[in-house]
Amino acid sequence: MRHGRYRFIVGFLAAPVILYVVFVISPYIQAFYISLTNWKGISANPQFIGLENYTRLLDDEVFWAAVRHHGVLLLVMPLVTIVIALFFSFLLNLSGGQRGGQMTGIWGSKVYRVIFFLPQVLAVAIVGVLFQAIYRPDESGVINGLLGLVGIKPVGWLIDPNLALWSIIGVMVWQAVGFYVVLFSAGMSSIPKDVFEAAALDGAGRYTLFFKITLPLLWDTMQVAWVYLGIAAFDAFALVQVLSVDRGGPDNSTTVLPLEIWRTAFNFSKFGYASAMGVVLFFLTITFAALTLRVTRRERIEF
């Protein structure tokens, strides 16, 4: 084993590395090349046009509208999701005080964990169809039906350009919270109970327990959650496709880059231009992840 360890390691790594290169790296390289052409998805020999597609993006109002929407998603969706998930995780794990020498959550916390996680089990398309019924603009919609009971006129949640994007963000948060409740609960469970017991003996209240003990010890988990949620904010294709009016409407008020890439490629047969959008989206995502990891980096707390 010692003499043949390199052949052994290479033998095990060869297959996954080859698969990764063929199915991940190769498509990226092809996309970069196609973005420099005017390929329409038919010709075997597309014309090389250099950076013309990227120059066109600078004057594309729909492209910049999609970028602005990603900016809103990046600011709102991760922040709201993490705040809500941390709150519920704290309630389920640490808010019940000490019982049997251990910190416990509220009564029925195991049942609540299952309830919070249920949206993760649903397919995104099913979530979209479900919220189409909830957001219907007449009184047959769930929300407008409830508003009608108190005398409030129906609201066009998905047809009002000022509300449509916020309504979709609400759905994204609703779907994501359950997963991060479980993630943060796992992080809290990994914190030694002695830390909480010592804090309780020193008279620490719930506020001190949460902000001065739990949050610092969960920092690495929150960092990972922020990166994952940011990547999800750069996607949002399926929900926007199902929920929005005219796929990105009204008046491009909900459009996002993945939707524009799909529409440009398959509706208008501009695969070269769509690939240029895809390359921009790739670098935006990589830049966000790198900056987030850099800005939120801090000294690791060892237990």
Side-chain angles (χ1 to χ4, degrees), residues 73-124 126-127 130-131 166 168-236 239 288-289 292-293 295-303:
L73 285 167
L74 282 173
L75 289 174
V76 177
M77 188 262 211
L79 180 61
V80 175
T81 302
I82 288 175
V83 168
I84 295 175
L86 280 172
F87 174 73
F88 286 141
S89 299
F90 185 77
L91 288 180
L92 296 179
N93 292 275
L94 303 174
S95 66
Q98 284 192 342
R99 188 178 305 164
Q102 292 185 345
M103 297 296 295
T104 60
I106 60 174
W107 182 85
S109 58
K110 293 182 179 179
V111 177
Y112 290 130
R113 284 192 184 96
V114 175
I115 294 173
F116 289 144
F117 194 74
L118 277 178
Q120 287 293 314
V121 180
L122 300 177
V124 178
I126 294 176
V127 173
L130 174 67
F131 274 88
W166 298 104
I168 293 176
I169 291 175
V171 180
M172 295 175 68
V173 171
W174 177 85
Q175 186 189 26
V177 160
F179 174 81
Y180 292 97
V181 167
V182 174
L183 180 66
F184 294 146
S185 295
M188 292 179 186
S189 299
S190 67
I191 299 174
K193 302 302 180 184
D194 296 343
V195 176
F196 297 115
E197 292 172 9
L201 290 174
D202 288 338
R206 286 185 172 86
Y207 178 89
T208 301
L209 194 66
F210 181 74
F211 286 100
K212 295 188 177 181
I213 297 176
T214 306
L215 284 187
L217 294 177
L218 275 181
W219 189 261
D220 289 345
T221 306
M222 292 173 57
Q223 185 185 54
V224 172
W226 197 281
V227 172
Y228 283 176
L229 285 166
I231 294 173
F234 276 116
D235 183 9
L239 281 177
F288 165 78
T292 301
L293 292 174
V295 171
T296 60
R297 186 174 62 182
R298 57 183 292 178
E299 185 178 351
R300 184 180 180 86
I301 300 175
E302 299 290 345
F303 299 132

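All residue numbers in this chain count up from 1 along the given sequence. These numbers were taken from a predicted model, which means no experiment stands behind them.
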**Fill in**
Hits for side chain to side chain donor-acceptor pair (under 3.5 Å) against Ser185, two or more places apart or cross-chain, chain-then-number order -> Asn93
**Request:** Please name the pair of heavy atoms, one in Phe184 and one in Thr221, separated by the smallest distance, quoted to 0.1 Å.
**Result:** CD2-CG2, 3.7 Å
**Prompt:** Who passes ring-ring contact (aromatic ring centres under 6.0 Å, His included) against Phe179, sequence neighbours left out?
**Reply:** none
**Prompt:** Roughly how far, to the nearest 0.5 Å, is the CG atom of Leu293 from the CD atom of Gln223?
**Reply:** 5.0 Å
**Complete:** Smallest heavy-atom separation, Leu183 atom then Ala225 atom, equals CD2-CB, 4.2 Å
**Message:** Ignoring hydrogens, what is the shortest heavy-atom contact between Met77 and Ala232? Give both atom names and the distance.
**Reply:** CE-CB, 4.1 Å
**Request:** Taking side-chain contact (heavy atoms from CB on, under 4.5 Å) as the test, write out the residues that go with Leu74, two or more places apart.
**Result:** Ala233, Phe234, Phe288
**Fill in**
By side-chain contact (heavy atoms from CB on, under 4.5 Å), Leu75 pairs with (sequence neighbours left out) none
**Item:** Contacts of Tyr180 that satisfy ring-ring contact (aromatic ring centres under 6.0 Å, His included) - sequence neighbours left out
**Value:** none
**Heavy-atom side-chain proximity of Phe116 to Val177 below 4.5 angstrom** = no
**Results of ring-ring contact (aromatic ring centres under 6.0 Å, His included) for Tyr228 - residues two or more places apart only** = none
**Complete:** Contacts of Trp166 meeting ring-ring contact (aromatic ring centres under 6.0 Å, His included) (sequence neighbours excluded), chain-then-number -> none
**Request:** Report the residues that fulfil side-chain contact (heavy atoms from CB on, under 4.5 Å) with Val127, sequence neighbours left out, ordered by chain and then residue number.
**Result:** Leu122, Phe131, Val171, Trp174, Gln175, Leu239
